[in-house]
Every structure is written in structure tokens, then in C-alpha cells.
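Worth knowing before you read on, the calculation uses all heavy atoms, side chains too, and leaves out hydrogens, waters and symmetry mates. Below, read A as the first sequence line, B as the second, and so on, with proteins coming before strands; counting in each chain starts at 1.
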Amino acid sequence: MIPQIWMNLLAAALIGGVFFLSGSRLKVFSLLYIVIAGGAAAVSFFWGDPGHNIEEVILLGIGYLLLFIGLILAGAMIQRSITLHAISSIARNEDPRPVIQEGINARIEEAYRLNFVNNSENRLYLNRQGKVLGVMAGIAYSLFRLK
Amino acid sequence: MSPLLAVLIVLSGTFLAIEIILFLLGSKLQTRLNIIFLFFILSLILACLLIREIHPVYVILLWGGFFLAWFGVRSHIESSILLRILHMIHKNPGISPKELIRDYEEIQGTSERLAELERGGFFEPDGSSFTLTSKGRYVARILHAFHKRWGIHRDN
């Protein structure tokens, strides 16, 4: 019998290590995550502490799923966040303003390329998907009280 | 009440309470990270103490996963440039690219982003330069390790 706490701590440490080492290789990370999380869950339930119930199985599933989504988002943030890059540039004793400005310009160019926006005679309009996202963003900004 | 339901109710309550705090304070996520983190830890302890039928390991895993996923989604909505410009074009169809960039700069441009970092306690202006606080240095050290390992060099 393996205590749950050690099994899941080991899984968490392995997931953290894989997240750090796999870098931006999403497929590698996803595959290893499924193996580690699935393995930990299987070992916990078949050879772990006795007395499990279905509710614990559901919680474990939701927990590992949310952790996966959270780590993917954290990875994207570490790679792309303009704010985090600005902090890095201050740490290198550089002026963060050009980094932020370059980042904003690059992202605006990227947004044009994503085909949510039509440019007609230098005037910008949204297509159907763009409108849906624009409305959703407006609702989120109102809910979160963002100007 | 079923223990699973009890865990989900406490988690939903935590989420709602944090959103209400952020709404009332009218601040962004990164500015109030300390309060949010403290709130999450307290609610986690409360859940572990109240719901004895569920092993604490599962509760910790659920809380950790939820915190990370919620933080990622929330901060993306707050600072996504794509969402912001889609919203701006939706509000003002036919805007020119120059006007869009000018308006964007006013809402979420360089000075606003720097002000947000300062409010969040990541750096202090030092004359014409910037000095990281201990919190900022901690974040920079973690980022440096990731950027070095992941081969990221200012990919903006």
C-alpha cells in the first residue's frame, strides 16, 4: 500500500519537472502529463490508501484536468506575456518601454492576420467570428470592471 | 450533503468572493496577487478541515489546478491585445488602423502597463531608470530560468 500523499506529491514533482524541461514542446508535455497524471491516479486507486469512493475519483479527474489547463496557460504566459518580458528587461538594466512597445505592435499585426478583421480602404470592420469575440470581450470587461 | 458537492460549493464560494473583491477594488489581478493568494490558501485550509470525507490530497490538487487555470484565463482576458482591439472595432466599426493604435495606447499602452506593474509592486521608478523590488526580482529570477531553458530571448 502506497500512501496517497506520497504518490501525488511525487506526481506533482514529476509534472513540475516535465513542465520546466519540456519547454515549448506542447505535444511532449501533454503526452508526459497524461502518463504521469494517469499513472498517479491509477496507482492511488488500485494500490493506495483503502476506502476510496467515486466522489474522490471525480475530484481527482477535475483537479488533474484543471492543472493541465493551468500549466498550458502558464506556459503561454511565460513565453508571450509583454508584462513579464518588461520585468525581465528591467532585471537586465534595460529600458522596458521599447520592449512593451515592440510587443504591442507585433501583437496588433498578429491580430490583423488572424482573419477576424476586414480592412476595407483603410477602415477596419469585424467579420462574424470577430463580432462574437468582440461582444464576449465587452461582456467580460463589464463584469470584471475593466475600462 | 455529499462531500463532492460541499467541496465544489466551497470552491465556487472562493471564486465568487475573489471576483467580488476584485470588482469592488476595481483592480487587476497582478495588483492584488497577495490578497488573492492568501484567500485561496485560507479557503483551502477551511475546505480540508470541514470536509473530512475527502482526502486532503484531492482537495489540494483541485484547488491548485483551479487557481492556475482561473489565473491564466483571467489574466489573459485582462491583457489580451487581440480581445481588446476586437472590442474596440466592435464599438467603433470603420475605425482606421492609426486611430485604433492611438486609442489602444490610451487604454492599455506602454505607460498604462508600466503603471500597472508599479501598482503591483514589481518595480520602483528611480529617476529616469527602473529598479526591481524584491517581488520583481523574484519573478525575474523564475522567468530567467524558464527563458534560458526554453530558449526565449525577447520574442516580442
For [X], is it the side chain, the backbone, both, or neither that has a heavy atom closer than 4.5 Å to a heavy atom of chain B?
| X | answer |
| --- | --- |
| A/Leu59 | both |
| A/Asn119 | side chain |
| A/Ile72 | neither |
| A/Leu21 | both |
| A/Ala86 | side chain |
| A/Leu67 | both |
| A/Phe68 | neither |

Of the backbone (N, CA, C, O) and the side chain (C-beta and beyond), which part of [X] lies under 4.5 Å from a heavy atom of chain A, both, or neither?
| X | result |
| --- | --- |
| B/His144 | neither |
| B/Phe67 | neither |
| B/Leu100 | side chain |
| B/Arg149 | side chain |
| B/Arg141 | neither |
| B/Ile77 | both |
| B/Phe146 | both |
| B/Leu24 | backbone |
| B/Leu22 | neither |
| B/Thr110 | both |
| B/Ser2 | both |
| B/Leu132 | both |
| B/Lys91 | neither |
| B/Leu83 | both |

Looking at [X] and [Y], does any basic side-chain N land under 4.0 Å from a carboxylate oxygen?
| X | Y | result |
| --- | --- | --- |
| B/Arg113 | B/Glu105 | no |
| A/Arg80 | A/Glu110 | yes |
| A/Arg123 | B/Glu99 | yes |

- Check the pair A/Phe19, B/Trp150 against ring pair (Phe, Tyr, Trp, His ring centres under 6.0 Å), reporting the backbone distance first and the verdict last. CA-CA 10 Å; A/Phe19 178 66; B/Trp150 292 12; 5.5 Å; yes
Count the heavy-atom pairs under 4.5 Å between each of [options] and chain B, then report the option with the highest count.
| options | answer |
| --- | --- |
| A/Asn122, A/Leu73, A/Ile69 | A/Asn122 |
| A/Asn93, A/Asp95, A/Leu60, A/Asn8 | A/Leu60 |
| A/Leu114, A/Ile62, A/Leu133, A/Ile90 | A/Ile90 |
| A/Leu65, A/Thr83, A/Leu9 | A/Thr83 |

- Message: Ignoring hydrogens, what is the shortest heavy-atom contact between B/Glu53 and B/Pro3? Give both atom names and the distance.
- Response: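 Reported closest heavy-atom pair: CB-CG, 3.6 Å.
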- Task: Please name the pair of heavy atoms, one in B/Leu4 and one in A/Glu55, separated by the smallest distance, quoted to 0.1 Å.
- Result: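 What the structure gives for the nearest pair is N-OE1, 3.3 Å.
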- Would a 4.5 Å heavy-atom cut-off, applied to side chains only, mark A/Met77 and A/Leu84 as touching?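 SC-SC contact between A/Met77 and A/Leu84 confirmed.
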- Please walk me through it: do A/Arg107 and B/Leu82 pass side-chain contact (heavy atoms from CB on, under 4.5 Å)? CA-CA 7 Å; A/Arg107 295 297 155 68; B/Leu82 175 66; over 6 Å; no
- Item | Aromatic plane relationship, A/His85 with B/His147 - under 30° parallel, 30 to 60° tilted, over 60° perpendicular |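 Parallel: the ring planes of B/His147 and A/His85 meet at under 30°.
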- Query: Heavy-atom count around A/Phe20 CZ within 6.0 Å, excluding the residue itself: above 12?
  - Reply: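 Yes, enclosed.
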- Atom NZ of A/Lys131: over 12 foreign heavy atoms under 6.0 Å: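 Open: at most 12 neighbouring heavy atoms sit under 6.0 Å from NZ of A/Lys131.
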- Message: Against the six-membered ring of A/Phe144, is B/Arg74 placed for a cation-pi contact (under 6.0 Å from the centre, within 45° of the normal)?
- Response: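 Because its charged atom sits under 6.0 Å from the ring centre and within 45° of the axis, B/Arg74 does stack over A/Phe144.
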